[in-house]
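Presented below is the structure to which this report refers.
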Amino acid sequence: MAKNLAMKSTKPVYIYDINQKAIERLTSEFPQLKPAKNPQEIARQASTIITMLPETSHVEKVYTDILNDVDTSHLLVDSSTIDAQAARELAKKIATKGTLFFDAPVSGGVGGAQAGTLTFMVGSPSIEAFEKIKPVLSWMGKNVTYCGASGAGQIAKVCNNMLLSIHMIGVSEALLLGTKLGMDPKLLTSILNTSTGKCWSSEVSNPYPGVIPTAPASRGYQDGFSNKLMAKDLRLAMKAASDCGVTPELGTMSSKVFQTLASDKEYDSLDFSSVFKVPKKYHCNTI
């Protein structure tokens, strides 16, 4: 995302991350990316701030830390996946400074981030405010959609990721069954992808190693969307479901599977498509 901003912005782009090696690698490749010492320095240098963080607590801390450094000229965008109510409360807190805050989680994976084709699901104080931030998000995404009031972007994201987790388990089970019955995995995948079983998990991030060369499964399930992050998103989905009195049967079962993977040191950091190679005992114990 930072690379796409660097290539398309006419102004300097300031970046900060706790991983200093990543910062050094980016700034050496793109001199227009300027390293910052902390989030407060970014707030003092840039009028548009975009964050991408693992958990709600991290998001709350960063925006609390920079609150004294922002004003009415700032546009604040959080592209993390967090609790929708937390996003609403954060927007309300930041509004006391006269500052606009947007919850804008993304979909599209590492490949989408690299290609600048992410989908942004945006919760905004108003449609007019959304139009102010849309051009910047379009530098990183192909689809930038106004979802509604603050928190609506997070609602769209948890629904999407709950469905994504179900798809991945389903595709994994279909490929396991087909190959155990003697079918070639590439042939079976080509049939699925020209039939009604086609989905992102079969076509782009196929869980069978070697079927899609660019998928995490073909590089040992490394450098993808980790089981830890999927488990976190599913916890958010289950909380949202509980809050509104809904019981998603398949979502609940999927959540149990990924919570188990996230608590296993062998699987926690692997891409969530590694559910394909989950030992039978996990399925027996959790579903």
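One-based numbering along the sequence shown. Atoms considered below: every heavy atom in the structure, side chains included; atoms not considered: hydrogens, waters and symmetry mates.
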Supply the atom-to-atom distance [X] [atom1] to [Y] [atom2], rounded to the nearest 0.5 angstrom.
X    : Y    : atom1 : atom2 : value
L67  : T96  : CG    : OG1   : 6.0 Å
N68  : D71  : CG    : CG    : 11.5 Å
F272 : M230 : CZ    : CE    : 4.5 Å
D268 : T260 : CG    : OG1   : 12.5 Å
S254 : E249 : OG    : CD    : 13.0 Å
F225 : S205 : CZ    : OG    : 11.0 Å

[X] side chain to [Y] backbone, donor-acceptor under 3.5 Å:
X    : Y    : answer
R219 : T214 : yes
S255 : G251 : no
D103 : A87  : no
T48  : L75  : no
K97  : T72  : no
S242 : M238 : no

Above 12 or not: heavy atoms from other molecules or residues under 6.0 Å from CZ of R25?
->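 At most 12 heavy atoms, drawn from other residues, nucleotides or ligands, come within 6.0 Å of this atom.
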
Answer whether the closest heavy-atom distance between the side chains of [X] and [Y] falls below 4.5 Å.
X    : Y    : result
I50  : L5   : yes
K232 : T81  : yes
H74  : L100 : no
Y221 : F276 : yes
K228 : S269 : yes
T27  : I23  : yes
I133 : S124 : no
C147 : V122 : no

Classify the side-chain pair E24/S28 by whether it contains a donor and acceptor separated by less than 3.5 Å.
->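 Distance-only check fails for E24 and S28.
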
Between N227 and S274, do the side chains contain an N or O donor and an N or O acceptor separated by less than 3.5 Å?
->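 S274 and N227 do have a side-chain donor-acceptor pair below 3.5 Å.
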
Could you tabulate the donor-acceptor pairs under 3.5 Å formed by side-chain atoms of residues 108-121, not counting sequence neighbours?
unit_1 : atom_1 : unit_2 : atom_2 : d
T119   : OG1    : N143   : ND2    : 3.4

With sequence neighbours excluded, residues passing salt bridge (Lys or Arg N to Asp or Glu O under 4.0 Å) with D223 |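 Counting only residues at least two positions away or on another chain, D223 forms no salt bridge (Lys or Arg N to Asp or Glu O under 4.0 Å).
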
Kindly write out the residues that satisfy salt bridge (Lys or Arg N to Asp or Glu O under 4.0 Å) with K142, not counting sequence neighbours, or none if the list is empty.
->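 Partners of K142 by the salt bridge (Lys or Arg N to Asp or Glu O under 4.0 Å) criterion come out as none, since no residue qualifies.
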
Is there a path of hydrophobic side-chain contacts, each under 4.5 Å between heavy atoms of I, L, V, M, F, W or Y residues, that connects [X] with [Y]?
X    : Y    : value
M7   : L26  : yes
V144 : L76  : no
V13  : L53  : no
V62  : V106 : no
L234 : V278 : yes

Sequence-distant partners of [X], side chain to side chain contact (heavy atoms under 4.5 Å, CB included), two or more places apart:
X    : value
H167 : L163, C199, S201
S47  : none
I18  : Y16

ring-ring contact (aromatic ring centres under 6.0 Å, His included) partners for [X], two or more places apart:
X    : result
Y14  : none
F101 : Y63
F258 : none

Between Q85 and Q154, is a side-chain contact (heavy atoms from CB on, under 4.5 Å) present by the stated rule, with each step listed?
-> CA-CA 9 Å; Q85 184 56 36; Q154 298 298 344; over 6 Å; no

Donor-acceptor contacts under 3.5 Å from residues 178-189 side chains, at least two apart:
unit_1 : atom_1 : unit_2 : atom_2 : d
T179   : OG1    : L175   : O      : 2.7
T179   : OG1    : L176   : O      : 3.2
D184   : OD2    : K186   : N      : 3.0
D184   : OD2    : L187   : N      : 2.9
T189   : OG1    : P185   : O      : 2.8
T189   : OG1    : N206   : ND2    : 3.2

Would you please test T56 and E60 for side-chain contact (heavy atoms from CB on, under 4.5 Å) and show each step?
-> CA-CA 6 Å; T56 300; E60 291 173 335; 3.6 Å; yes

Could you note down all residue pairs passing salt bridge (charged side-chain N to carboxylate O under 4.0 Å, His left out) where residues 83-95 supplies at least one of them, sequence neighbours left out?
->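 Those involving residues 83-95 are D83-K239.
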
Test side-chain contact (heavy atoms from CB on, under 4.5 Å) on I49 and V77 and set out the steps.
-> CA-CA 6 Å; I49 300 172; V77 182; over 6 Å; no

Please give me the minimum heavy-atom distance between [X] and [Y], naming the atom from each residue.
X    : Y    : result
S172 : S273 : OG-O, 4.4 Å
G224 : P216 : CA-CG, 4.2 Å
S195 : I191 : OG-O, 2.6 Å
P248 : A241 : CD-CB, 3.7 Å
M52  : S79  : SD-O, 3.1 Å
A231 : A262 : CB-CB, 3.6 Å

How far apart are the C-alpha atoms of Q259 and R235, what are their side-chain angles, what is the distance that settles it, and do they pass the side-chain contact (heavy atoms from CB on, under 4.5 Å) test?
-> CA-CA 8 Å; Q259 303 311 320; R235 288 195 298 273; 2.9 Å; yes

With a 3.5 Å cut-off and sequence neighbours excluded, list the donor-acceptor pairs that the side chains of residues 33-40 form with protein atoms.
unit_1 : atom_1 : unit_2 : atom_2 : d
K34    : NZ     : P31    : O      : 3.3
N38    : OD1    : Q40    : N      : 3.2
N38    : OD1    : E41    : N      : 2.8

salt_bridge(K198, E203) N-O dist < 4.0 Å |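 Here K198 pairs with E203 in a salt bridge, since their nearest N and O are under 4.0 Å apart.
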
Check against ring-ring contact (aromatic ring centres under 6.0 Å, His included), F102 and F130 | CA-CA 8 Å; F102 307 86; F130 166 74; 7.9 Å; no

